[in-house]
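Submitted below is the structure of interest, expressed as structure tokens.
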Amino acid sequence: MTIPSTIRRVVTRRAIVGLVLAVLTVSIGQAAGAPPPKRRTHKVVMEATQYQPATITVKAGDTIEWVNKDLFPHTASSAEAKFNSEAIAAGATWKFTPKVKGDFTYTCIFHPTMKGQLRVQ
């Protein structure tokens, strides 16, 4: 049995339209109900008058936690990223969550040779 070409074209078009609608419905449903991206917390250790790691790459919305393991206070201060931890006492921590993408340098205002780089993607 052969199917006339006009019927084949109509069936094929309907199948294509149905497939496209199904894909769009699934895509829209996933976008609307998709869980928010997972946020991470990254650590930067301040020890021996250095930031470890000296350069850290995070995603916008992630949190960076600076941990002071030295016996004296430090800061994480960046004019361009508009964050300033103020003094982080020995044994204390400070957290910052960047919302803007870019590369930002920061330093300790007490120890100007202490420099770090924050890369936000």
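Note that the numbering runs from 1 along the sequence shown for the chain. Note that the coordinates shown come from a computational prediction; the quantities given were computed from them, not determined experimentally.
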A quick test of your reading: do over 12 heavy atoms of other residues, nucleotides or ligands sit less than 6.0 Å from CZ of Arg40?
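No, because the 6.0 Å sphere around CZ of Arg40 holds 12 heavy atoms or fewer from other groups.
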
Pairs meeting criterion salt bridge (charged side-chain N to carboxylate O under 4.0 Å, His left out) with involvement of residues 88-100, two or more places apart
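Applying salt bridge (charged side-chain N to carboxylate O under 4.0 Å, His left out) to every pair that reaches into residues 88-100, excluding sequence neighbours, yields nothing.
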
Does Ile64 belong to the same Ile/Leu/Val/Met/Phe/Trp/Tyr cluster as Phe104, with side-chain heavy atoms less than 4.5 Å apart forming each link?
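Yes, Ile64 connects to Phe104 through the hydrophobic network.
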
Which residues pass the side-chain contact (heavy atoms from CB on, under 4.5 Å) test with Glu86, not counting sequence neighbours?
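Per chain and number, Glu86 pairs via side-chain contact (heavy atoms from CB on, under 4.5 Å) with Asn84.
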
Using salt bridge (charged side-chain N to carboxylate O under 4.0 Å, His left out) as the criterion, list what pairs up with Glu80, not counting sequence neighbours.
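Counting only residues at least two positions away or on another chain, Glu80 forms no salt bridge (charged side-chain N to carboxylate O under 4.0 Å, His left out).
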
Side chain proximity check, Met114 to His74, heavy atoms < 4.5 angstrom
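Result yes, sub-4.5 Å side-chain heavy-atom pair found.
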
Within the 4.5 Å heavy-atom criterion, are Trp94 and Phe83 side-chain neighbours or not?
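Contact flag for Trp94/Phe83 side chains = yes.
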
Those residues that, when tested against Ala54, pass side-chain contact (heavy atoms from CB on, under 4.5 Å) (two or more places apart):
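Partners of Ala54 under the side-chain contact (heavy atoms from CB on, under 4.5 Å) test: none.
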
Taking side-chain contact (heavy atoms from CB on, under 4.5 Å) as the test, write out the residues that go with Ala90, two or more places apart.
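None.
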
Considering only heavy atoms from C-beta outward, does the side chain of Thr93 approach that of Asn68 to under 4.5 Å?
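No, side chains not in contact.
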
With sequence neighbours excluded, residues passing salt bridge (charged side-chain N to carboxylate O under 4.0 Å, His left out) with Lys115:
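Lys115: no salt bridge (charged side-chain N to carboxylate O under 4.0 Å, His left out) contacts found.
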
Does Ile88 reach the side chain of Met46, with side-chain heavy atoms less than 4.5 Å apart?
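Yes - at least one pair of side-chain heavy atoms lies under 4.5 Å apart.
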
Taking only residues two or more places apart in sequence, or in another chain, which ones meet Thr63 in a side chain to side chain donor-acceptor pair (under 3.5 Å)?
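Residues passing side chain to side chain donor-acceptor pair (under 3.5 Å) with Thr63: Thr97.
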
Any side chain to side chain donor-acceptor pair (under 3.5 Å) involving residues 42-51? Give me the pairs, sequence neighbours left out, ordered by first then second residue.
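Output for this query lists His42-Asp62, Lys43-Glu65, Gln50-Gln52.
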
Which atom of Ser78 lies closest to which atom of Tyr106, heavy atoms considered:
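Scanning both residues, the minimum pair turns out to be CB-CB, 3.7 Å.
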
May I ask you to list the residues sharing a hydrophobic cluster with Leu71, side-chain cutoff 4.5 Å, ordered by chain and number?
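Direct or chained contacts put Leu71 with Phe72.
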
Grab the two heavy atoms, one from Ala76 and one from Ser85, that are nearest each other, plus how far apart they are.
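Between these two residues, the closest heavy atoms are N-OG, 2.8 Å.
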
For Ala60, check side-chain contact (heavy atoms from CB on, under 4.5 Å) against everything at least two apart and list the hits.
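side-chain contact (heavy atoms from CB on, under 4.5 Å) check on Ala60 returns Lys101, Val120.
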
Arg119: what forms a salt bridge (charged side-chain N to carboxylate O under 4.0 Å, His left out) with it, not counting sequence neighbours?
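Arg119 satisfies salt bridge (charged side-chain N to carboxylate O under 4.0 Å, His left out) with Asp103 only.
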
